[in-house]
There are 2 protein chains.
Amino acid sequence: MARGRPKGADATRTAIVEAAMRGFAEKGFAATGTREIAALAGTNVASIAYHFGGKDGLRLACAEHVIALMGGVLDQVRQGDLPSDPAIARAALTAVVRRFVTFLLLDPQARSVASFILRELSEPSPALDLIYRALLEPVHRRACATWGVATGRDPESPDVRLAVFATIGQIVYFNFARPVIQRRMDWPSLGPAEVEAVADTLAATLHARLDADREHRP
Amino acid sequence: MARGRPKGADATRTAIVEAAMRGFAEKGFAATGTREIAALAGTNVASIAYHFGGKDGLRLACAEHVIALMGGVLDQVRQGDLPSDPAIARAALTAVVRRFVTFLLLDPQARSVASFILRELSEPSPALDLIYRALLEPVHRRACATWGVATGRDPESPDVRLAVFATIGQIVYFNFARPVIQRRMDWPSLGPAEVEAVADTLAATLHARLDADREHRP
DNA sequence: GTCTATAAACAGATAGAC
DNA sequence: GTCTATCTGTTTATAGAC
């Protein structure tokens, strides 16, 4: 049986998860059938129940896949000691924003990952709990800490936490509103040049906000 | 003509659309069954096919409902002449941000409306075209024009258009990421007090960005 | 216009051969 | 582990009574 993909149980698991990620991202959880996923993964329907216990188990496995994938990108954020100098903290935040928006707009895997999280936010499931604890909460907390160093403010104050959320919101918006943005910007395609323009705009907003924070609360 | 009666055909149409909006927003298009919609609307399954031709027709009818509903809110944005003074333009943008975020977070109808648009962005259908032309494009263009007055920059320059998108992104993020935000902010509920905190943060970011724009490009 | 009953296609889960 | 065949329930669409 030549299927064009590696054999073995582990390869099958991976193939199913990746096929499910594509389906869930493009059409949603309920709209993506197990038969469709199995066919896309080059296997049969029963293997989904065998490997994941059912469709819900597959959804959880996708969440773990998302965490592992995004964790690799964001580990650079969580790793290492907190910057001690405001200027360095500011540069670190800028770098994270640029790296994050580049990943979200250019990496082909990012599309399904972001879409998966977005759908979990609309229809919360146990998978969202997992993603929140392993991904969203630690990253947000670390970003708040860095923001605190950059501005001299209390990192866990409501306003700093909200400002960090607003910054994240800007970034992810450019991912999921892509069809509207491309149309309004007259961008036939969204390549590195366009991403740099977006990153420049987001960095400018970030810098303006950080500077304002430092001025008003020294 | 005999209309406005609670039991007429028009009332049935409205009830079905509103029930469908709730279902589509909470669980998605595919996951919401026609039986469930009919039951929620207090009618039977067959009436959906009778009034809308089928489930797809109901989806288009929901898009028109969204446009009509948001049109009422956004007419306040589009109405009147453009401000001529930078300070007034700045105040106008601030007011729009505050009104928009308050609407998105407090109005019960806004939740399903925003969620419907969000799902259209993930799974584009003919409804998205309609919403873009009638709603998103005019509002964004008007916001860019006001931004131009407030900062003295070219309203249709790529960076202004992107900055306006970023501002919009911040706002809508607080709508769809609500479960994550409530959890991280330790907010058991999201009422007027919490919305004001969000609005303050967004207004601060807006002001910082506008001031930076005016300084660097007088 | 509203509703019941039904049709035809679909879903996810599973038993059992290999 | 992989797969076919099948079970059970649900979906949308529709025919026809009222």
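Remember, predicted model here, so these are calculated numbers, not experimental data. Chain letters run A, B, ... following the sequence lines, proteins first, then strands; residues in each count from 1.
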Item checked: Over-ring placement of B:Arg59 relative to B:Phe29, 6.0 Å and 45° cut-offs -> yes

Margin query: Side chain of B:Lys55, heavy atoms from C-beta onward: which of D:dT2, C:dT2, D:dA13 has the nearest atom to it?
Written below: D:dA13

Notebook entry, point to check: OP1 or OP2 of D:dC3 less than 4.0 angstrom from a side-chain nitrogen or oxygen of A:Thr43, does that happen here?
Noted result: yes

Notebook entry, point to check: Taking for each residue the nucleotide of DNA chain C with the nearest heavy atom, is it B:Val45 or A:Gly53 whose nucleotide lies nearer the 5' end?
Noted result: B:Val45

Check: So does A:Thr34 get a side-chain nitrogen or oxygen closer than 4.0 Å to the phosphate oxygens (OP1/OP2) of C:dA13?
Finding: no

Checklist line | Nearest-nucleotide pick for B:Asn44, side chain only, options being C:dT14, C:dA13, C:dT2 | finding: C:dT2

Notebook entry, point to check: Which whole-number value in Å describes the distance from B:Lys27 NZ to D:dT11 C1'?
Noted result: 12 Å

Item checked: Main-chain N/O of B:Val17 paired to B:His65 side chain as donor or acceptor, under 3.5 Å -> no

Notebook entry, point to check: When you check the phosphate oxygens OP1 and OP2 of D:dC3, does a side-chain N or O of A:Ser47 lie under 4.0 Å from one of them?
Noted result: no

Check: Whole Å only: how far is the CZ atom of A:Arg59 from the P atom of C:dG12?
Finding: 13 Å

Check: To the nearest angstrom, how far is A:Ile16 atom CD1 from D:dC3 atom P?
Finding: 10 Å

Notebook entry, point to check: Roughly, in whole Å, what's the span from CD in A:Glu36 to C1' in C:dG12?
Noted result: 14 Å

Notebook entry, point to check: Under 3.5 Å, is there a donor-acceptor pair between the B:Glu120 and B:Ser125 side chains?
Noted result: yes

Note to self: Mind checking if B:Ala46 touches a base, just sugar-phosphate, or nothing, with heavy atoms under 4.0 Å?
What the structure shows: base

Next item on the list: Output the distance between atom CD (A:Glu156) and atom CZ (A:Arg161), rounded to the nearest 0.5 Å.
Entry: 5.0 Å

Check: How close or far is atom P of D:dT4 from atom CZ of A:Arg35, stated in whole angstroms?
Finding: 12 Å

Notebook entry, point to check: Rounded to whole angstrom units, what separation is found between the CG atom of B:Asp56 and the C1' atom of D:dT14?
Noted result: 16 Å

Check: Separation of B:Ile48 atom CD1 from C:dT4 atom P, in whole Å?
Finding: 14 Å

Note to self: How many whole angstroms separate atom OH of A:Tyr50 from atom P of C:dG12?
What the structure shows: 21 Å

Margin query: With a 6.0 Å cut-off (strictly less than), is the heavy-atom count around CD of A:Glu137, excluding the residue itself, greater than 12?
Written below: yes

